[in-house]
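Single-structure report; data block below.
Letters A, B, ... are given to chains in the order of the sequence lines, protein chains preceding strands, and every chain is numbered from 1. Basis for what follows: all heavy atoms, side chains included, without hydrogens, waters or symmetry-related copies.
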Protein chains: 2
Amino acid sequence: MRRLPPLAAVRAFEAAARNESFTAAAAELGLTQAAVSYQVKALEERLGAPLFVRERGRARLTPLGHRLLPTLSQAFDSIEAAFTTQREEDESLLTITTTHTFANTWLAWRLGAFQMAHPELAVRMSTSNDIVDLKAGDADIAIRAGPGHWPGLETHKLFESQFTPMASPECLAAEERKLGRKLQPSDMPTAHIINPGDDWWQQWFCDNGVAPDEKALRRPGIRLDNQANEGHAAMAGQGFALLTPFLWQGDVAAGRLVVPFPESISARGWAYWLVLPPERRMVPKVKRFREWLLAVMEEARQPALSDAAMEI
Amino acid sequence: MRRLPPLAAVRAFEAAARNESFTAAAAELGLTQAAVSYQVKALEERLGAPLFVRERGRARLTPLGHRLLPTLSQAFDSIEAAFTTQREEDESLLTITTTHTFANTWLAWRLGAFQMAHPELAVRMSTSNDIVDLKAGDADIAIRAGPGHWPGLETHKLFESQFTPMASPECLAAEERKLGRKLQPSDMPTAHIINPGDDWWQQWFCDNGVAPDEKALRRPGIRLDNQANEGHAAMAGQGFALLTPFLWQGDVAAGRLVVPFPESISARGWAYWLVLPPERRMVPKVKRFREWLLAVMEEARQPALSDAAMEI
DNA sequence: AAAGGGCATAAGCTGGGCTTATGTAAACGG
DNA sequence: CCGTTTACATAAGCCCAGCTTATGCCCTTT
């Protein structure tokens, strides 16, 4: 339980003592000379002892005032330093939390460009799936997949979370060689699927009028925890994975992945979102990243999601 | 030029953070929970970053809040410590500034009794003649001789600054042996006076209808700077000195000094005064000393200044 | 003398910081 | 499962601490 004098008075005294002038202190504090005089007097009355000797039109410290000054100055210095440090750190470090998938397949590849455009900003990206850390101040900005409503948070839709089977060209070729013809959606239940237990396969079958092979769906397969890993497995020829076209357009363009059914893209109703605390939306670093990401998205979305692009 | 957040908000935050509870902080600060909530929110808005995560009916610190807390706590601790130290020192140390004379002849002999009565108080007596040090807080109380008006200071008259010739019994006897009769005031101009240059001798001569011997007054003699020294010189048999009866009553009673003309006491219009800054009059240590001194004075004055006492 | 700079003081205003009252959500206890 | 308790948020409104403005006085400077 603390017993402190009114801090406004202490502050006025400290400034006055440091400047050895009420007028100068007032200027420093953005007050009038009368205000400083008032506060100093109040503090002296509270202490029951004089802090200044008023003489010859100047105010000089009493021994008591002299003893108090250094401690108080230091205290205010450290308070100031604490907040300054915080502000500087906060201004110069942008922390983004995103899903493993988005980080791997998309953001990591372009964050460099943002960093180039804003060399004064240190950018830290961390991957996790907890949105609470935004409210807790662990990150400035989050990118998350979901239905899109987080209470008390501002969201911007980045792209629909669509999905369609993909595989490496070799894998597709092998499958078609086995069939002796071009692969059809209806062949998928018996094709080599990396993670057949994934619920989304069921939805994709349903969306595309394919009767799922119950037995096939209960095959063991591999759970890879996230789409990024499944995508990489697919590129490595491990089989088919349900992937989001937007995230893999680079790999598709480079021929590392193929999309056998560009017409058969399911949407899970989810999307990827940029999520941020609304009260921080105008903080410079947040504003810059938000604007940059939405611009890049806008630019990327047009060609990428068109059928033309998918059919490369 | 400092840039600090409002200190009331910082204080509220610090208390809330330390207690990990707004309600407890409010109790500590003597405010309502709403006030703390308001201030913390204001600080968070100012910083543009959350300091607490509100969850499950509790408030937990964010990492940022956690980083700020120790610095701020320390700062407030040291502010508190500065004022506490000052208060404790101030409460336990009574500083009295007095004249050399009064210190020597009177106060030093009785300060022990005051100290006995107030063992918790350390008493420091310093002798100097500057009254300014009271305003500068160098001393709590002053005892001074003078006409009695110090602007802005409270004064209590202790005793009139009367004076009359005194000498050692031997000295008086020698003088009377030389004369062959009892000493008369009119004999003084040619008697052995320690400091004949002292203006007060002139006044005493005048008050007692004695024609001063111009030549005698221009005798060299010894300037001893203060009455204490003159009194001691007189006791040592160096000659006659003009002394204040009140201050030497002990020595008169003990036979170390004699007062040849108890009826011929001059008053210089001055007095000895207890002087103190009115704003500190009720500070315990000041009040105690003031009351003690005035009581002792009252007690001492009655018998001491009566003619009976003087004629011992 | 006159001008200027510094602090004190009085009077009066104003909005920051408080209180009171109420809402909400979670934890608790029976 | 429901009433009770506890904790924080929020709204509305009040009040006085802390400010400003205006003035005076004193000392120094020119």
Could you please spell out the steps behind the side-chain hydrogen bond (donor to acceptor under 3.5 Å, both in side chains) verdict for A:E14 and A:S73? CA-CA 6 Å; A:E14 192 271 343; A:S73 287; 2.6 Å; yes

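B:T155 and B:R144 are not linked by any side-chain donor-acceptor pair at a separation below 3.5 angstrom, with hydrogens and angles left out of the test. Under 3.5 Å, the side chains of B:S92 and B:E120 contain no donor-acceptor pair of N or O atoms.
Proximity of A:K41 to the phosphate of C:dA8: no side-chain N or O atom is located under 4.0 Å from OP1 or OP2. Between B:R54 and the phosphate of D:dA7, there is no side-chain N or O to OP1/OP2 separation shorter than 4.0 Å.
A:W106 places no side-chain N or O within donor-acceptor distance of the main-chain N or O of A:N104, the cut-off being under 3.5 Å.
Ion pairing of A:R87 with A:E80 is absent here, as no side-chain N (NZ or NE/NH1/NH2) approaches a carboxylate O to less than 4.0 Å.
Every residue meeting the side-chain contact (heavy atoms from CB on, under 4.5 Å) condition with A:K285, not counting sequence neighbours, appears here in chain and number order: A:D90, A:L94, A:L121, A:D140, A:R280, A:V283. When the side-chain contact (heavy atoms from CB on, under 4.5 Å) test is applied to B:H66, the partners found at least two apart in sequence or on another chain are B:L61.
Rounded to an integer number of Å, the gap from A:E44 CD to C:dC7 P is 13 Å. One can place CZ of B:R11 at 17 Å from C1' of C:dG16, the figure rounded to the nearest angstrom. Here C:dG6 presents its P atom at 13 Å from CZ of A:R60, a figure rounded to the nearest Å.
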Kindly give the atom pairs (protein nitrogen or oxygen, nucleotide nitrogen or oxygen) under 3.5 Å for nucleotides 18-22 of chain C.
from   : atom 1 : to    : atom 2 : distance (Å)
C:dC18 : OP2    : B:Q39 : NE2    : 2.6
C:dT19 : OP2    : B:T32 : N      : 2.9
C:dT19 : OP2    : B:T32 : OG1    : 2.6

Just the atom pairs and distances: protein N or O near nucleotides 3-5 of chain D's N or O, under 3.5 Å.
none

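Inter-residue side-chain proximity for A:V296 and A:F114 is flagged as unmet; no heavy-atom pair is nearer than 4.5 Å. When side chains are defined from C-beta on, B:I143 does not count as touching B:V275, because their heavy atoms never get closer than 4.5 Å. Contact of the B:D138 side chain with the B:T95 side chain is not registered, since no non-hydrogen atoms from C-beta on lie closer than 4.5 Å. Side-chain contact between A:F22 and A:R54 is present, with heavy atoms from C-beta onward closer than 4.5 Å.
Residues from residues 17-28 of chain A that place a heavy atom under 4.0 Å from any atom of DNA chain D: there are none.
Within a 6.0 Å sphere centred on CD of B:Q74, heavy atoms belonging to other residues, nucleotides or ligands number 12 at most.
Rounded to 10°, the helix from C:dA1-D:dT30 to C:dG30-D:dC1 has 30° between the axis fitted to its first five pairs and the one fitted to its last five.
Paired with A:F52 under the rule side-chain contact (heavy atoms from CB on, under 4.5 Å), one option of A:E44, A:E20, A:R60, A:K41 passes, and it is A:E44.
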